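Below: one structure, written as structure tokens.
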Amino acid sequence: MKKLIAANWKMNGQSAWASKPEQLFDLLGKIIPDRSQILICPPSVYLQQVAKNAHKYGMNAGAQNCHSENSGAFTGEISANMAADCEADYIICGHSERRAMFGDTDATVKAKADSVITSAMGAIICVGETLDQRESGEANSTIESQLRASTPEASTALNTVIAYEPIWAIGTGKTATLEDIAQMHAHIRAVYSDMFGEKSAQDLCIQYGGSVKPANAKDILSTDGVDGALVGGASLNMEDFAKIVQAA
Ligand code: 13P
């Protein structure tokens with residue numbers, strides 16, 4: 001399986017950043033390494049421009065969130081359909097920042113992911129535990145309950161990616177140990193297997209996110225069960241992001 005290396009720009013960027021896919025392609029020496037699939041998730045207002053450019057260079061583009069309905073009186077929201085119409089390939093669902101700051105619950109994340117799948121894109125469903133949950137030995141049960149309640153019945157390995165992002169590792173410079181990452185990815189695969197069968201679980205792409213940088217990318221991406229990375233801060237700098245792609 002190719003490693004899915006995704007840039008989550010969060011609320012950063014400007015229209016000039018639409019040329020970032022070309023800059024990344026140049027930094028990679030004008031070839032996308034065979035082992036990587038690159039995904040760029042800009043703020044929605046730039047999605048269409050970024051997607052057009054990303055596709056020119058063999059990369060994918062995605063939105064960072066969507067509403068679960070197709071249309072309606074939901075001021076300020078965008079639907080999965082609209083993102084698909086802007087040529088998105090994926091949508092991130094239930095990032096911990098959305099769960100913590102914008103009221104996303106497991107149930108709304110599941111509904112969003114369902115609408116992403118219905119719109120023929122890939123849903124990147126994020127799960128992650130807090131430091132308190134990890135320190136009190138509840139990391140596994142927290143992740144299992146998020147997974148069971150946030151993953152729609154229509155999920156398959158073809159339309160779903162799970163991103164494991166321990167909340168305490170996001171933007172902090174702290175990363176989980178390689179042992180903890182391997183253990184949690186195996187746990188996620190086991191829970192997914194119980195929900196959707198062993199074959200789907202084997203084919204499932206599970207990304208790690210949380211302070212992935214050029215310096216740790218190779219170790220993280222070669223850890224058992226890690227099929228990609230969801231990169232925040234380091235994806236804002238194309239030199240750093242290119243190094244992470246090359247590490248894969
Ligand atoms: P950082 O890479 O900045 O820790 O962010 C991770 C993240 O939240 C990606 O979705």
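Quantities reported herein were computed from a predicted structural model and do not represent experimental measurements. Remember, it's 1-based here, ligands and their atoms both numbered in the order they're listed.
Side chain to side chain, N216 and K213 fail the donor-acceptor criterion of an N or O pair below 3.5 Å. Side chains of Q133 and T130: a donor-acceptor N/O pair is present below 3.5 angstrom, by distance only. A donor-acceptor pair shorter than 3.5 Å cannot be found between the side chains of T108 and R98.
Looking from atom 2 (O) of ligand 1 to the surrounding protein, the closest heavy atom is G232 N, 2.9 Å.
Residue contacts with ligand 1 for L230 involve both N, CA, C or O and side-chain atoms from C-beta outward (heavy atoms, distance under 4.0 Å).
Below 4.0 Å from some heavy atom of A169 lie the following atoms of ligand 1, by number and element: 4 (O). For ligand 1, the atoms lying closer than 4.0 Å to a non-hydrogen atom of G210 are 4 (O), 6 (C). Taking every non-hydrogen atom of E165 and a distance limit under 4.0 Å, the qualifying atoms of ligand 1 come out as 6 (C), 7 (C), 8 (O), 9 (C), 10 (O). Within the listing of ligand 1, atoms 1 (P), 2 (O), 3 (O) sit less than 4.0 angstrom from a heavy atom of G233. Ligand-side atoms of ligand 1 in range of K10: 5 (O), 6 (C), 7 (C), 8 (O), range being under 4.0 angstrom from any heavy atom. Atoms of ligand 1 found under 4.0 Å from any heavy atom of N8 (numbered from 1 in listed order, with element): 9 (C), 10 (O).
Under a 4.0 Å heavy-atom criterion, G171 is in contact with ligand 1.
Of the N or O atoms in K213, none lie within a sub-3.5 Å distance of an N or O in ligand 1.
Between S68 and D114 the shortest side-chain heavy-atom distance does not fall below 4.5 Å. Side-chain contact between V161 and I125: absent, with no pair of heavy atoms (C-beta onward) separated by less than 4.5 Å.
Using the six-membered ring where Trp is involved, H185 and Y208 have ring planes that are tilted, between 30° and 60° apart.
Listed here is the closest heavy atom pair of I188 and Y164: CD1-CB, 3.7 Å.
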